[in-house]
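Below, each value reflects all heavy atoms present in this structure, side chains not excepted, and no hydrogens, waters or symmetry copies. Chain naming here is simple, since letters A, B, ... match the order of the sequence lines and numbering starts at 1 in each. Keep in mind that this is a model prediction, so the values were computed, not measured.
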2 protein chains.
Amino acid sequence: MEMATRTDPSAKPRLPLSRERVLHAAITLADEGGIESVTMRKLGQKLGVEAMSLYNHVANKEELLDGMVDSIMGAINDAVGEIEVRSGDWKTAMRRRVLSAREILLRHPWAPGLIESRTNVSATMTGYFDSLIGLLREAGFSIDLTHHAMHALGSRALGFAQELYDDSQELDPEEMTTFLQQMAGHYPNIAWMIQEITHDDYTTLGWCDDQAEFEFALDLILDGLERSRARA
Amino acid sequence: MEMATRTDPSAKPRLPLSRERVLHAAITLADEGGIESVTMRKLGQKLGVEAMSLYNHVANKEELLDGMVDSIMGAINDAVGEIEVRSGDWKTAMRRRVLSAREILLRHPWAPGLIESRTNVSATMTGYFDSLIGLLREAGFSIDLTHHAMHALGSRALGFAQELYDDSQELDPEEMTTFLQQMAGHYPNIAWMIQEITHDDYTTLGWCDDQAEFEFALDLILDGLERSRARA
DNA sequence: ACCTGAACACCGTTCAAGT
DNA sequence: ACCTGAACACCGTTCAAGT
């Protein structure tokens with residue numbers, strides 16, 4: 001057994017842990033292996049430290065997850081802050097902010113699910129929503145309509161819509177044929193839809209162009225809100 | 001130590017476990033204590049059985065959760081099946097189906113989060129969506145617009161919109177005042193909105209009437225879709 | 001065919017002990 | 001002030017053993 005009576009000179013001076021380093025490491029860990037791979041033990045390992053050391057910088061795992069959301073929202077606020085608003089055109093300003101938030105969230109596929117599962121509200125997220133509400137307010141939205149608008153947008157205001165179906169499975173033409181035949185028996189209408197869509201466009205392997213669908217729904221809502229505003 | 005050489009006559013003949021009984025117990029367990037209280041051990045305890053016995057009726061926990069979603073979706077399909085469709089009025093038919101699905105989901109607050117977290121698709125859910133697509137199809141929607149419509153509705157088709165903020169905290173008037181003052185400093189626009197809304201209506205303790213907000217957003221989307229349909 | 005008990009590999013978290 | 005090692009109370013899941 002070897003006693004470390006003097007410090008090993010070959011040990012490079014490890015830069016000390018900090019809340020920022022912990023959060024950053026957690027985010028890259030989630031980027032690499034999904035949110036379920038973010039455990040205190042694995043996170044400690046990535047930082048070259050025992051899991052228990054993390055508790056000096058983060059109260060517990062809940063606070064760690066809250067911090068991750070807050071960090072992502074900070075990046076969104078930074079990006080959105082650089083978009084200038086041409087007065088009188090609330091719709092394109094809102095559209096740009098939302099799509100810019102979406103760009104950042106797309107880099108962190110685990111973030112939408114985490115955001116929705118959080119029960120504590122992130123302060124930076126509140127700041128983001130405050131800026132959106134301010135946009136509507138200046139555009140002459142009534143209080144009630146502003147409130148309705150935020151509910152109608154929901155998570156779309158942050159740039160994501162939770163997909164209920166995962167269409168990322170790649171099927172070769174033969175598999176696709178038998179799949180569609182099975183579908184047609186039980187679910188004729190879905191089969192009708194998928195068949196035509198995939199027939200139209202063979203270039204996309206997934207059935208849906210998520211970005212196009214997101215923008216369609218976003219514009220549908222924004223147009224509806226503008227109509228309500230103008231009517232008032 | 002007491003050996004059970006003969007069966008205890010006072011032991012009532014336990015009705016045997018079955019997949020249905022397991023799923024039903026899991027659902028009531030989630031209703032009582034939230035989804036995080038559904039563990040194999042607690043579920044076994046509720047059924048008077050060791051956790052390991054469950055594996056005779058359910059492959060693993062993932063399959064258990066899938067089964068719970070499937071069971072809820074079955075109830076929705078049953079309820080929706082009783083709604084007759086007056087031809088030519090797709091909008092109120094869709095509205096009724098969605099709000100009827102919502103009624104069932106409201107009884108199981110854990111269900112929306114579970115549905116969104118599932119990566120496997122429930123067969124019964126596919127059936128539900130097939131019926132909605134059929135409704136639009138018969139109403140003369142083009143394939144593309146039908147597809148857009150399903151994306152625009154998203155989880156709203158099932159009757160829920162994930163709330164990003166939890167407003168269920170009850171504050172007495174005094175707490176509310178100091179809360180609003182803090183808000184006003186950092187988030188002037190949110191403060192503006194909340195203040196007016198809570199001032200308007202003291203009868204609702206939460207800031208929002210979730211049902212009203214849900215219906216507003218639903219109608220906004222349905223109206224937008226009808227406009228697109230008529231334009232084509 | 002179904003249920004059990006012990007065991008395994010993981011969790012988050014505590015606490016006293018080290019430096 | 002920060003980090004560690006051992007321990008605790010939980011997980012999901014396996015496997016051989018019982019009936």
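In this structure, the ring of A:Y165 has its center less than 6.0 angstrom from the ring center of B:F129.
Atom P of nucleotide C:dG12 and atom CG of A:L54 are separated by 10 Å, given to the nearest angstrom. Rounded to whole Å, atom C1' of C:dC11 lies 14 Å from atom CG of A:L65. Distance, B:N56 CG to D:dT19 P: 17 Å, rounded to whole Å. In this structure, B:Q45 atom CD and C:dT4 atom C1' are separated by 16 Å, rounded to whole Å. Taking atom CG of residue B:L43 and atom C1' of nucleotide D:dC10, one finds them 16 Å apart after rounding to whole Å. In this structure, B:R21 atom CZ and C:dC2 atom C1' are separated by 14 Å, rounded to whole Å. Counting to the nearest Å, the C1' atom of C:dC11 and the CD atom of A:E62 are 14 Å from each other. When rounded to the nearest whole Å, the span between CD of A:E36 and C1' of D:dC11 equals 16 Å.
Residue A:Y55 places none of its side-chain N or O atoms closer than 4.0 Å to OP1 or OP2 of C:dT14. The side chain of B:S53 places no N or O atom within less than 4.0 Å of a non-bridging phosphate oxygen (OP1 or OP2) of C:dC2. Distances shorter than 4.0 Å separate none of the side-chain N or O atoms of A:K42 from OP1 or OP2 on C:dC10.
Figure legend. C:dA7 is base-paired to D:dT13; pairs are counted as Watson-Crick or G-U wobble with both atom distances under 3.5 Å. Base pairing of C:dG18 is made with D:dC2, judged by Watson-Crick or G-U wobble geometry with both donor-acceptor distances under 3.5 Å.
Each of C:dG12, D:dT13, D:dG5 was ranked by its minimum atom distance to the side chain of B:M52; first place goes to D:dT13. The side chain of A:R41 has C:dC11 as its nearest neighbour among D:dC11, D:dT13, C:dC11. Distance from the side chain of B:H57 is smallest for C:dC3 among the nucleotides D:dG12, C:dA6, C:dC3. Taking the side chain of B:E50 as heavy atoms from C-beta on, and the options C:dC11, D:dT13, C:dT4, the nearest nucleotide is C:dT4.
A donor-acceptor pair under 3.5 Å links the side-chain atoms of A:R97 to the main chain of A:S131, judged by distance alone. Proximity of a side-chain donor or acceptor of A:S122 to a complementary backbone N or O of A:V69 within less than 3.5 Å is not detected.
A salt bridge links A:E32 with A:K46: the closest approach of a Lys/Arg side-chain nitrogen to an acidic carboxylate oxygen falls below 4.0 angstrom. Salt-bridge annotation for A:R41 and A:E50: absent, with no side-chain N of the basic residue lying under 4.0 Å from a carboxylate O of the acidic one.
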